[in-house]
Trainee: 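Next up is a structure, given as structure tokens.
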2 protein chains.
Amino acid sequence: MPRRATIIEVAREAGVSKTSVSRYFSGERDKLSPALCERIAAAALRLDYRPNQMARGLKGGRSRLIGMLVADIRNPFSVAVMHGVERACRERGLALLVCNTDNDPELERTHLGLMAAYQVEGLIINASGSPDAELQALTDQGMPLVLLDRELGTVQADLVGLDNARAIDLALDHLAEQGYGELLYLSEPPERASPRRKRLTRFQEGLAARRLAGEAYTMSGSDEEMQRAIEAFLTRSAHKGSGDVPRALLCANGAVTLAATRAMQRLGARLGKTGLMGIDELDWCALIDPGITTLAQPTEAIGQQAVASLLAKPNSQADAKARQHRFEPKLIARGSTRLTG
Amino acid sequence: MPRRATIIEVAREAGVSKTSVSRYFSGERDKLSPALCERIAAAALRLDYRPNQMARGLKGGRSRLIGMLVADIRNPFSVAVMHGVERACRERGLALLVCNTDNDPELERTHLGLMAAYQVEGLIINASGSPDAELQALTDQGMPLVLLDRELGTVQADLVGLDNARAIDLALDHLAEQGYGELLYLSEPPERASPRRKRLTRFQEGLAARRLAGEAYTMSGSDEEMQRAIEAFLTRSAHKGSGDVPRALLCANGAVTLAATRAMQRLGARLGKTGLMGIDELDWCALIDPGITTLAQPTEAIGQQAVASLLAKPNSQADAKARQHRFEPKLIARGSTRLTG
DNA sequence: TCGATGAATGGGAACGTTCCCATCATAGGT
DNA sequence: ACCTATGATGGGAACGTTCCCATTCATCGA
């Protein structure tokens, strides 16, 4: 079983020093004479040589590895962003080490340690818990950090994600415009994840200005529970003073949209007559009968920006302030928010 | 900015040799006296020491890294399997390096080289092209290899995936049982991916025994093209000798199911009256009106088995024959294959 | 009592790179 | 012609770990 060739063997084969070979493969070819380059290239090809990244990482700390911590890898949004991250890494010659925490803070801590052990050059984090201490320790050691989607209490790091306020505003405007007057906002428990909090409060703040009535429901438990909440919202008598105003559901993310759609079907509610709208565009939103209106996140752009932010070293210390990159959602209007009345 | 502590510093802090510290962290604690263990543990804790995986990987080749090459990371099936792989790795203290090839054979070759450069200890491959030569080179160097879902011409390696024959048989039985007599099999181009070929031929072989009429359509181009094919299938006159037999569509995988569902909606065909069934269970299959019947793959199990196979060293040379682990799909019957007529 | 056995520990070389520094031409300014 | 800058090249130490071997010391059978 042939072992992989080393830099020394290439050097011998080419009749040059290992330093020159190292230079050749570290992108310093311009420092070498064309003749040397050619001989090295030939020798490397003959021996099928590839630099050993482990050894590289050991010496200069240049592991060329980026770590990405994903809270839930089965969430299509996360995967879409990951696709962008992966692409951006590839363009820069970086490899991506992905860890999934399954929303388990304990696992998150473990994986954070793991990535550090692999000397990743940067970390993109879609947090599940609040590993503030661990992250602070890492940044203190000079590890570049970017937060994805979710902010984290005390950690001073760039953040890339959706412009949540804008998203809620767009949603409220659209729903109001379409004639819905009473809204039910559906969300997963907001305590942990900052975007959920942000969206929820913006929802509540945004009602008055648009003369909308609304309330929020946090789905803590089962689908059935949420179904009951929706039923209560839909069947109870109208708010005082208003006639029977059309009602609509606003879903905080893709998972909620899925659950809400399921509930609506079980209740036999007609989409459109009862409005339904969600943040996150999914494969099937166009397929459910009149189509479900969504706010699509520019996932690819978010992923690319995450890597860009990671690699943009702040040039001055004063410049090291945490930046935020907020992306605009795109409204995809469909039948679920059309009162065909 | 404090640098990460090294093994030498821990050794000094604990007043022992670096060898002992190394032993402590390499799971050879039983070779050390309890007193030593205790001192090392304390020192490591004080300095917040973590072994540097790069250095580890360099010395003994023990990178503790598993590489996974995914043809299309946005395919929910791939992600679900990846979830299983990731979990299995975690349980064994392995980290996972994931690369997405976006179905680009060129990129696949690049990434294969990348993973080799990181000294991964094993490779799980969901191939997009046919990197036979590269893979053969790797196996020759003793790299454990497992093929996921897709076979690869000449490469001698274990394979983990669905029992495709069984899946098609189940589908045909179900459709026949439900009263459908003429079938249209929809698939993406089969030349590249072995499961597509296998499913297609099994479909064709299986028709006669069940007295079914059937044909296959390969969607090479646009959605519209496929829509026309479906329309032609649904509207043309019945086969000679038979009356007007109920017709059904069978989709080779999740992506096809999505496209077919879209087409059916555009054609205004009622699901159930026209049968629809697909391989791969997806979030939304229960949501489309009468529900779409699917064959669910045990993705988690497949992922776990992939890692298990990878790590199971063949004990004898004769034992090194390529093994196949074929998993049973599970039928999830819904309205789309119910003739409510 | 003595060498053999074995367990606990430590010293040092290797792993494959990068990078600092030294060397050696060659050219340019005086 | 000499001294210095400049550019190409090579030698060797480091990076943090593992692993082979050596050492020490106690135990044990004869």
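Residue numbers start from 1 in every chain, and the chains themselves are labelled A, B, ... in the order their sequence lines are given, proteins ahead of strands. Note that the structure is predicted; figures quoted are calculated from it, not measured.
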Trainee: Between A:S26 and C:dT18, is there a side-chain N or O to OP1/OP2 distance below 4.0 Å?
Mentor: yes
Trainee: Reading nucleotides 7-16 of chain C from the 5' end, what letters show protein touch, with B for base, S for backbone sugar-phosphate only, - for no heavy atom under 4.0 Å?
Mentor: -SBBBBBBBB
Trainee: Using atom CD of A:E28 as one end and atom C1' of D:dT9 as the other, report the distance to the nearest whole Å.
Mentor: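 Atom CD in A:E28 sits about 13 Å away from atom C1' in D:dT9.
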Trainee: Does B:S22 place a side-chain N or O at less than 4.0 Å from the phosphate oxygens OP1/OP2 of D:dT17?
Mentor: no
Trainee: Who are the salt bridge (charged side-chain N to carboxylate O under 4.0 Å, His left out) partners of B:R196, not counting sequence neighbours?
Mentor: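 In terms of salt bridge (charged side-chain N to carboxylate O under 4.0 Å, His left out), with neighbours along the sequence ignored, B:R196 is linked to B:E188.
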Trainee: Could you list all the salt bridge (Lys or Arg N to Asp or Glu O under 4.0 Å) pairs where at least one residue sits in residues 27-38 of chain B, not counting sequence neighbours?
Mentor: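 Found none.
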Trainee: In this structure, how many angstroms lie between the P atom of C:dT17 and the OH atom of A:Y24, rounded?
Mentor: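 So the two atoms are 15 Å apart, to the nearest Å.
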Trainee: Return the set of residues passing ring-ring contact (aromatic ring centres under 6.0 Å, His included) with A:Y49 (not counting sequence neighbours), or none when no residue passes.
Mentor: A:F25
Trainee: To 10°, what angle do the rotation axes through the five end pairs on each side of the helix from C:dT1-D:dA30 to C:dT30-D:dA1 form?
Mentor: 50°
Trainee: Tell me, please, which residues at least two apart from B:R197 pass salt bridge (charged side-chain N to carboxylate O under 4.0 Å, His left out).
Mentor: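 Per chain and number, B:R197 pairs via salt bridge (charged side-chain N to carboxylate O under 4.0 Å, His left out) with no residue.
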Trainee: Among residues two or more places apart or on two chains, list those pairs meeting salt bridge (Lys or Arg N to Asp or Glu O under 4.0 Å) that have a residue in residues 80-103 of chain A.
Mentor: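 Counting only pairs at least two positions apart or across chains, the salt bridge (Lys or Arg N to Asp or Glu O under 4.0 Å) contacts touching residues 80-103 of chain A are A:E86-A:R90, A:R87-A:E91.
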Trainee: With sequence neighbours left out, write down each residue that passes ring-ring contact (aromatic ring centres under 6.0 Å, His included) with A:F327, or none if nothing qualifies.
Mentor: none
Trainee: What's the CD-P distance between B:Q119 and D:dT18, to the nearest Å?
Mentor: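 Going from CD in B:Q119 over to P in D:dT18 covers 15 Å.
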Trainee: Can you pull out every salt bridge (Lys or Arg N to Asp or Glu O under 4.0 Å) where at least one residue sits in residues 40-49 of chain B? Sequence neighbours excluded, please.
Mentor: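 For residues 40-49 of chain B: B:R4-B:D48, B:E13-B:R46.
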Trainee: Identify whether the distance between the nearest side-chain nitrogen and carboxylate oxygen of A:R326 and A:E151 falls below 4.0 Å.
Mentor: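 Counted as a salt bridge, because a side-chain N and a carboxylate O are separated by less than 4.0 Å.
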